[in-house]
Amino acid sequence: MKQDKTTSKEPGKLISGAEALMRSLEHEGVDVLFGYPGGAIMPTYDALYDHRETLNHILVRHEQGAVHAAQGYARVSGRVGCAIVTSGPGAMNTITGVADAMIDSTPMVVICGQVGVAMLGTDAFQEVDVIGVTQPITKWAYQIRRAEDVAWAVSRAFFIARSGRPGPVVLDFAKNAQTGMVEYEPADVNFIRSYKPVPVPSDETIRQAAEMINQSQRPLVLAGQGVELGDARQELLQFIEKADLPVGCTLLGLSALPTGHRLNMGMLGMHGNLAPNVMTNQCDLLIAVGMRFDDRVTGNLQTYARQAKVIHFDIDPSEIDKNVRTNLAVVGDCKETLARVTTLLDKKSHSEWTEAFRPYAEKENRIVIEPAIHPTEGPLLMGEVVRAVSEASGHKAVVVTDVGQNQMFACRYFQYTEGRSVVTSGGCGTMGFGLPAAIGATFGTDRTVCMFCGDGGLQMTIQELGTIMEQKAPVKIILLNNNYLGNVRQWQYMFFGKRYSFTPMLNPDYDKIASAYGIPSRTIVDRADLQEAVHEMLSTDGPYLLQCAVKDEDNVLPMTPPGANVDEMMLEIE
């Protein structure tokens with residue numbers, strides 16, 4: 001293993017392993033940590049006391065909040081999020097967030113306390129086999145047993161977390177390694193034998209991709225979060241505009257292309273837009289960029305795009321042919337590969353093909369979208385609330401969501417003009433993600449952070465209102481309250497004979513809860529109050545809770561029923 005050292009040791013000067021961790025984090029450029037102290041990590045927190053000016057520690061109210069906040073920070077900033085917790089239950093409380101970060105490719109380093117090496121395997125107080133638990137859901141999990149290994153382990157962890165396809169790393173920090181003494185020397189790990197984070201495609205592969213695109217008559221691009229992670233929004237724009245390629249975006253890739261761009265045909269997937277889903281099964285060439293063909297995007301794999309040839313641009317070779325068989329794989333960093341292919345593309349117009357999307361878009365707009373965002377009577381709808389917030393923010397806010405109907409309505413009806421604007425739990429679908437992720441996002445961007453949630457998800461991590469109170473984190477919370485676990489209720493309505501088994505919710509007085517935390521709030525029921533309330537929320541300095549009493553049995557449409565073909569979307573529910 002090759003390491004580059006940038007600073008020499010200070011001969012004879014010994015510091016603790018905990019102090020070495022602090023210096024290593026500073027060496028990596030870390031400026032904010034989300035965490036919660038405890039017994040096995042106490043030496044590290046003691047060292048952190050002397051680094052409060054450079055390492056801004058955010059005390060969350062639950063360890064799950066720490067990892068979700070680190071995710072939110074990473075997703076909007078493009079940097080590695082960092083969380084620090086104690087052993088045993090502290091480490092176990094991070095597992096959901098670690099798994100979430102793994103499937104959604106979020107760069108994160110989680111540092112867990114651990115009992116001393118001499119106590120390992122004895123069932124000591126708050127001892128858990130963290131490495132055994134986290135190895136399947138991380139890019140790397142490592143137990144630091146000696147103070148001498150701290151600098152190397154931290155540098156390696158950050159290199160792995162941020163390089164190639166990003167993801168989470170867990171460092172299990174034994175207590176004796178925290179208290180042991182070492183001559184500190186910063187480490188810069190930038191090479192690991194057998195780990196090739198960015199494969200380099202051949203010139204022939206690039207040429208074949210361009211040739212296939214040039215020959216295509218009905219091409220369709222599927223843009224995923226890999227475009228955002230690879231900082232390739234501009235390259236995607238040049239790629240599609242040169243060859244006039246229509247685009248559908250995945251849930252996590254929604255802000256990879258401005259919503260209003262003429263070639264943006266909308267969102268893919270189960271609750272995506274009708275046009276790109278239907279045309280997936282009519283195109284002659286499918287060009288996937290930084291996406292993994294998730295089952296919520298493909299529907300029935302046996303009928304998915306069978307008529308089309310498939311080019312898959314991805315940085316992770318393991319994604320190639322995993323779900324959808326490809327005709328050509330362009331494995332590499334899409335910022336580079338898209339640019340290289342673009343230079344070989346013919347300047348083309350596919351006006352007849354792109355116009356073929358229009359009737360489907362108009363049909364969806366008439367039946368689904370307009371009634372959702374511009375209703376004239378009845379209770380408030382989630383779609384109209386989301387669109388009102390989008391318009392009032394100039395379509396420039398960062399959208400953080402929880403999971404469920406609130407997530408689908410928020411992602412469908414918010415409009416995006418800037419990159420890194422969507423922070424949501426995609427692969428895991430983690431309820432409770434939204435509030436702590438929004439807190440983390442406020443530390444990673446200066447933009448307005450709007451968090452859409454339902455009454456179910458909010459209560460899963462509602463204790464993080466305490467973090468908002470302490471930090472004055474300017475999270476704009478839009479609670480879409482229908483007194484149901486809405487997404488499960490919709491499925492019960494559609495597929496289980498309207499048997500609402502344990503989905504109705506008895507809710508607390510959220511205004512009183514917000515008041516207890518010193519957070520301004522307002523509840524609206526009438527449509528006539530919506531615009532004023534949204535303006536009040538966005539113009540209020542600091543955090544704000546806007547509770548909207550929405551229709552209790554509103555449904556997210558269109559919808560591809562589970563197991564159905566991708567183009568068999570329901571626009572109405574009988």
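Note that the coordinates shown come from a computational prediction; the quantities given were computed from them, not determined experimentally. Note that these values count all heavy atoms, side chains included, but never hydrogens, waters or copies made by symmetry.
With values rounded to the nearest 0.5 angstrom, Cys334 atom SG is found 10.5 Å from Phe239 atom CZ. Atom-to-atom distance recorded for Ile144:CD1 and Leu171:CG is 4.5 Å, nearest 0.5 angstrom. For the atom pair CZ of Arg387 and CZ of Arg412, the computed distance is 9.5 Å after rounding to the nearest 0.5 Å. Between the OG1 atom in Thr96 and the CD atom in Gln64 there is a gap of 5.0 Å [rounded to 0.5 Å]. Remark: Leu538 CG to Cys450 SG distance equals 5.5 Å, nearest 0.5 Å. Rounded to the nearest 0.5 angstrom, Arg75 CZ and Thr424 OG1 are separated by 7.0 Å.
Tyr195 OH: more than 12 foreign heavy atoms inside a 6.0 Å radius. Crowding of Arg296 atom CZ: a count of heavy atoms from other residues, nucleotides or ligands under 6.0 Å not exceeding 12.
Tested against Trp152, the residues Tyr142, Phe158, Phe159, Tyr184 include a single ring pair (Phe, Tyr, Trp, His ring centres under 6.0 Å) partner, Tyr142. For the side chain to side chain contact (heavy atoms under 4.5 Å, CB included) with Pro37, the lone residue among Thr86, Leu59, Leu48 that qualifies is Leu59. Of the options Arg165, Lys196, Lys139, a salt bridge (charged side-chain N to carboxylate O under 4.0 Å, His left out) to Asp316 is made by Arg165 and by none of the others.
With sequence neighbours left out, Lys472 forms a side chain to side chain contact (heavy atoms under 4.5 Å, CB included) with no residue at all. Not a single side chain to side chain donor-acceptor pair (under 3.5 Å) links Asn176 to another residue, sequence neighbours left out. Gln71 meets the side chain to side chain donor-acceptor pair (under 3.5 Å) test with His68, Asp100; sequence neighbours excluded. Under the side chain to side chain contact (heavy atoms under 4.5 Å, CB included) criterion, Ala74 pairs with Thr106, Pro107, sequence neighbours left out. Among residues two or more places apart in sequence or in another chain, the side chain to side chain contact (heavy atoms under 4.5 Å, CB included) test is passed with Pro474 by Thr442. Residues satisfying the ring-ring contact (aromatic ring centres under 6.0 Å, His included) test with Tyr517, not counting sequence neighbours, are none. Every residue was checked against the side chain to side chain contact (heavy atoms under 4.5 Å, CB included) condition with Met42, not counting sequence neighbours, and none meets it. Not counting sequence neighbours, His395 has no partner by the ring-ring contact (aromatic ring centres under 6.0 Å, His included) test. Scored by the ring-ring contact (aromatic ring centres under 6.0 Å, His included) test, Tyr36 finds no partners at all (sequence neighbours excluded). With sequence neighbours left out, Ser521 forms a side chain to side chain donor-acceptor pair (under 3.5 Å) with Asp511.
In this structure, Lys322 pairs ionically with Glu319, as a charged nitrogen and a carboxylate oxygen lie closer than 4.0 Å. At a threshold of 4.0 Å, the pair Lys335-Glu235 counts as salt-bridged, since one of the basic side-chain nitrogens sits closer than that to a carboxylate oxygen. Note on Glu28 versus Arg162: salt bridge recorded, some NZ/NE/NH1/NH2 to OD/OE distance being below 4.0 Å.
Met108 and Val67 make their closest contact through SD-O, 3.5 Å (heavy atoms, listed as atom of the first residue, atom of the second, distance). Residues Met291 and Leu222 share a closest heavy-atom pair of CG-O, 3.8 Å. When all heavy atoms are compared, the tightest approach of Pro543 to Ala473 is CB-O, 3.3 Å.
Looking at Tyr416 and Asn264, their side chains never bring a donor and an acceptor atom within 3.5 Å of each other. Counting only N and O atoms by type, the side chains of Gln114 and Asp172 include a donor and acceptor under 3.5 Å apart. Residues Asn487 and Gln405 bring no donor and acceptor atom of their side chains to less than 3.5 Å of each other. Using a 3.5 Å distance cut-off with no hydrogens or angles, the side chains of Thr467 and Glu464 do pair a donor with an acceptor. Side-chain contact, Ser16 with Gln178: no donor N or O sits under 3.5 Å from an acceptor N or O. For the residue pair Arg447 / Ser421, a side-chain donor-acceptor distance below 3.5 Å is found, with atom types taken as modelled.
Proximity of a side-chain donor or acceptor of Arg79 to a complementary backbone N or O of Asp31 within less than 3.5 Å is not detected. With hydrogens and angles ignored, the 3.5 Å screen pairs a side-chain donor or acceptor of Glu228 with a backbone N or O of Arg420. The main-chain N or O of Thr430 is found under 3.5 Å from a side-chain atom of Ser425 such that the two form a donor-acceptor pair. Using modelled atom types, one side-chain atom of Ser155 and one backbone atom of Ala187 make a donor-acceptor pair closer than 3.5 Å. Using a distance-only test at 3.5 Å, with no hydrogens or angles considered, a donor-acceptor pair links the side chain of Ser87 to the main chain of Gln126. When atom types are taken as modelled, the side chain of Thr337 and the backbone of Asp333 share a donor-acceptor pair closer than 3.5 angstrom. Side-chain atoms of Thr445 never come within 3.5 Å of backbone atoms of Ala441 as a donor-acceptor pair (strictly under, hydrogens ignored).
Residue pairs meeting the salt bridge (charged side-chain N to carboxylate O under 4.0 Å, His left out) criterion with at least one partner in residues 49-63, sequence neighbours excluded, are Arg61-Glu470.
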Check against side chain to side chain contact (heavy atoms under 4.5 Å, CB included), Gln463 and Leu465: CA-CA 5 Å; Gln463 71 278 350; Leu465 291 175; over 6 Å; no
Stepwise side chain to side chain contact (heavy atoms under 4.5 Å, CB included) check, Val115 with Leu120: CA-CA 7 Å; Val115 302; Leu120 289 172; 3.8 Å; yes
Please assess Met92 against Ile95 for the test side chain to side chain contact (heavy atoms under 4.5 Å, CB included), listing each intermediate value before the final yes or no. CA-CA 5 Å; Met92 292 302 97; Ile95 297 304; 4.1 Å; yes
N/O donor to acceptor pairs below 3.5 angstrom from side-chain atoms of residues 130-138, sequence neighbours left out:
{"unit_1": "Thr134", "atom_1": "OG1", "unit_2": "Val130", "atom_2": "O", "d": "2.8"}
{"unit_1": "Thr138", "atom_1": "OG1", "unit_2": "Thr134", "atom_2": "O", "d": "2.9"}

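Taking the six-membered ring for Trp and the full ring otherwise, the centers of His57 and Tyr45 sit less than 6.0 Å from each other.
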